[in-house]
Amino acid sequence: MALRFFGAAAAVAIAVGMTASPALAVTEIQWWHAMTGANNDVIVKLANDFNAAQSDYKVIPTYKGSYPDTMNAGIAAFRAGNAPHIMQVFEVGTATMMAATGAVKPVYKLMADAGEKFDPKAYLSAITGYYSTSKGEMLSFPFNSSSTVMWVNLDELKKVNAEIPKTWPEVFEVAKKLHDNGHPTCGFSNSWVTWVNLEQLSAWHNVPLASKANGLDGFDTKLEFNAPLQEKHLEKLVELQKDKTYDYAGRTNQGEGRFTSGECAIYLTSSAFFGNVKAQAKFNFTAVPMPYYPDVKGAPQNSIIGGASLWVMGGKSADEYKGVAKFLTFLSDTDRQVYIHKASGYLPITKAAYEKAKAEGFYKDQPYLETPLLELTNKEPTENSRGLRLGNMVQLRDVWAEEIEQALAGKKTAKQALDASVERGNTMLRQFEKTAVK
Amino acid sequence: MQKQAIFQSKLLPYALVAPQLAIVLIFFYWPALQAVIQSFLLQDAFGLSTSFVWFENYLELFSEPAYFETVVRTFFFSFAIATSSLSVALLLAVMADKPLRGGAVYRTLLIWPYAVAPPVVGVLWVFMLHPSLGVLSRYLRAAGIEWNPLLDGNQAATLVILAAAWKQISYNFLFFLAGLAAIPKSVLEAAAIDGARPMRRFWTVTFPLLSPTIFFLLVVNIVYAFFDTFGIIDTMTRGGPGTSTVTLVYKVYNDGLIGGNLGSSAAQSVILMIMVIVLTGIQFRFVERKVTY
């Protein structure tokens, strides 16, 4: 099997060799991304508009598969000496990219070197904070950001005479009603099991997921989520799973169809689910902020983002970097940000774009599109809610999901599952710390 | 055996095998060597910092109880996939071997699944047996079975074994059919004259005569279950729920490409490589000698 992977790496290298043909008059800028469908169209349009607006640089977007696939392709290409200029990396890959000093060119440095005007304060700190150092230096450029929201099927809630729940106890109560009245297989559910039930839950209640500001202050971070709040939450889910008042829907977003089909009337997932809901749901819907436990002091705090950012890869020429810098400036333009926001449902990254969308009355008819922004900016972020920076995050999530699945299946108690998640996760963090470039 | 009877030049035979040798060297030996080297290194995903750690990757692996669980699980999966697909294929082959109207159509249809790529097989079965979307899961639920492979590890494992075995049936079927055709009719007729009934004829004559085929297929099926089930697992369960469908190959992928731990991943592939070498060795040693009638 090793053979096959090295083969794949070689194939990638060959493909790169072919696409990166020597630039003639225009400097080509390779942009690898993981967007499909309507969002892919947005990417192509952005590149075309940039290429039409000037003649020195040509941005060439290439779809490289899923988020992990794109990242792996980029890493393999870097090892082969053929990395793209810009690579879209999902938020959980941040620590891995950041640790690769030399493989990446931090955005703040890129902008300074290229002499592009760049004001970090123009961006929404709730979003850029995730991709910045603790000193506030922006490492990667946020491209598509979202947050966890609670999608609600208004028609079904009406049928059982329920108000939209605001707190977790209310959610459990409404879910019970739904379960007993026409939704025997699913009272409520969620996608991205660890993102929603561990990562966001912790930030939203201002409790740490890991030490050292969730890893933002150093790779020697330790997981700390085997604490009372998370345990209580998981215990409740385990209890409700028994009669399907809560029904587990998988590790990624594969279960989202259960909301649009009407099976689950309450569903927590990314705000970026909007496009599919709009296209497929044959009922009145809305998206409201995540529920919280009212007995936790200060809750709700603020949510953290999901999505992806653009990383600029290292080892390119000054001229190429100038082109990349110009392209990032182009993307930051207020009108363009508003366009991306409207076309994709992802969040605008600059304050000006947010204000403009608001002024245009964009949220009047569709208030649920503002929900994630309200969550992100609900309060000034704390150590526990600024973001996450854990090495090996993709695999960490898998490990946590494994343990949660065992708890939901009744093979472990909630406490045992969380303790094991923390213990196994910490082993992986130490492994990452060992290999991270000092 | 006469040597150099045909080739005038000493170089010509080497020149003729050179392309094949080059392919084997570039695509098999070179990557294998790289895997061995990588397994002694501790390296970050980008290859920026590298240190030589001798057998640390292996020792860490062996100190991990999860690794042994994966080994046991992989052997169980291989055994289950091999036996189920071999027995079904044998049954089908014996039936297809009889003179039938439209037998050719029947045989062709049975070979079809072999042309389906593993990930497609995975998606196909996922759709049929998805807890909320699947056609078959509706029947299962109607039959009173609490079907939820997203949470029930045993059900997920059954699902993977089923899909993997189904795909391999065609391949086995082809070989069994050829094996059956090679059995001299005279032997079977002699047994019939001696008064042996069909069942007895099958177990005392046909089955022993098929044993070399069976043994060959057993090895091929185990190798298949070890490696080629990756696509099926990746599309169906991604190793979950819990770790109930993580096999050795899936772990290599997960630790190396998802986890970025190339050293451990390489060490695991080296161990896998050794297992396959042993398996193939056994096959070469015994397939023609020990398994006879």
Side-chain angles (χ1 to χ4, degrees), chain A residues 1-8 10 68-69 71-72 75-76 78-79 83 96-97 99-104 185-186 241 244 247-252 254-255 257-258 261 263-264 391-392 394-396 398-399 401-403 405-406 408-412 424 427-428 431-432 434-438, chain B residues 26-28 30-32 34-36 38-39 42-51 60 64 66 126 130-133 141 148 150-153 226-227 230 238-244 246 248-250 252-266 268-270 272-273 276:
Chain A
M1 209 54 199
L3 319 182
R4 184 165 298 177
F5 293 132
F6 283 101
D69 288 347
M71 187 164 161
N72 288 327
I75 290 175
F78 179 82
R79 292 178 76 107
T96 305
M97 297 302 290
T101 327
V104 296
T185 54
C186 177
Q241 172 72 52
K244 299 208 168 190
D247 192 39
Y248 181 66
R251 294 178 189 180
T252 65
Q254 77 228 51
R258 301 178 70 180
S261 73
E263 187 195 351
C264 304
N392 270 343
V394 190
Q395 216 182 9
L396 275 179
D398 272 341
V399 165
E402 280 170 15
E403 296 294 339
E405 283 165 357
Q406 291 186 339
L408 290 173
K411 285 189 192 145
K412 282 186 178 178
R424 290 175 66 191
T427 313
M428 288 159 68
Q431 170 78 22
F432 180 78
K434 251 194 291 181
T435 55
V437 183
K438 299 285 148 30
Chain B
I26 293 169
F27 290 102
F28 292 93
W30 174 241
Q34 283 210 317
V36 172
Q38 186 83 52
S39 72
L42 191 64
Q43 197 178 49
D44 72 297
F46 286 86
L48 295 164
S49 72
T50 307
S51 48
E60 220 154 83
E64 211 183 303
V126 160
H130 189 279
S132 52
L133 309 172
R141 218 173 294 141
N148 189 2
L150 284 179
L151 274 184
D152 189 321
F226 257 71
F227 295 96
F230 170 79
R238 289 164 180 255
T243 50
S244 53
V246 173
L248 288 167
V249 159
Y250 197 77
V252 168
Y253 161 79
N254 212 25
D255 288 354
L257 275 135
I258 303 294
N261 189 351
L262 293 177
S264 172
S265 179
Q268 292 175 39
S269 22
V270 170
L272 263 177
M273 187 159 73
V276 178

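Per chain, numbering begins at 1; letters A, B, ... match sequence-line order.
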Worksheet entry | side-chain contact (heavy atoms from CB on, under 4.5 Å) involving E64(B) - partner list, sequence neighbours excluded | L61(B), A66(B), Y67(B), K251(B)
Worksheet item: Do side-chain atoms of E405(A) reach the backbone of G242(B) as a donor and acceptor pair under 3.5 angstrom?
Response: yes
Discussion item. Given 3.5 Å as the limit, does a donor-acceptor pair link the side chain of S269(B) with the main chain of S265(B), or not?
Written reply: yes
Discussion item. Test side-chain contact (heavy atoms from CB on, under 4.5 Å) on D247(A) and N148(B); report intermediate values, then the result.
Written reply: CA-CA 10 Å; D247(A) 192 39; N148(B) 189 2; 4.0 Å; yes
Worksheet entry | Under 4.5 Å from any heavy atom of chain A - which part of D152(B) | neither
Fill in: Under 4.5 Å from a heavy atom of chain A, the part of D255(B) involved
both
Side chain, backbone, both or neither: which part of [X] has an atom under 4.5 Å from a heavy atom of chain B?
X       : answer
A401(A) : neither
Q431(A) : side chain
Y248(A) : both
K244(A) : side chain

Worksheet item: Between M428(A), R251(A), Q241(A), K411(A), which residue shows the highest count of heavy-atom pairs closer than 4.5 Å to chain B?
Response: R251(A)
Practice prompt. Could you tell me whether E60(B) and K434(A) have a side-chain N and a carboxylate O separated by less than 4.0 Å?
Written response: yes
Worksheet item: So, R238(B) and Q254(A): side-chain donor and acceptor under 3.5 Å apart, yes or no?
Response: no
Item to complete: Give the member of L42(B), N254(B), L248(B), V276(B) that has the highest number of heavy-atom pairs under 4.5 Å with chain A.
Response: N254(B)
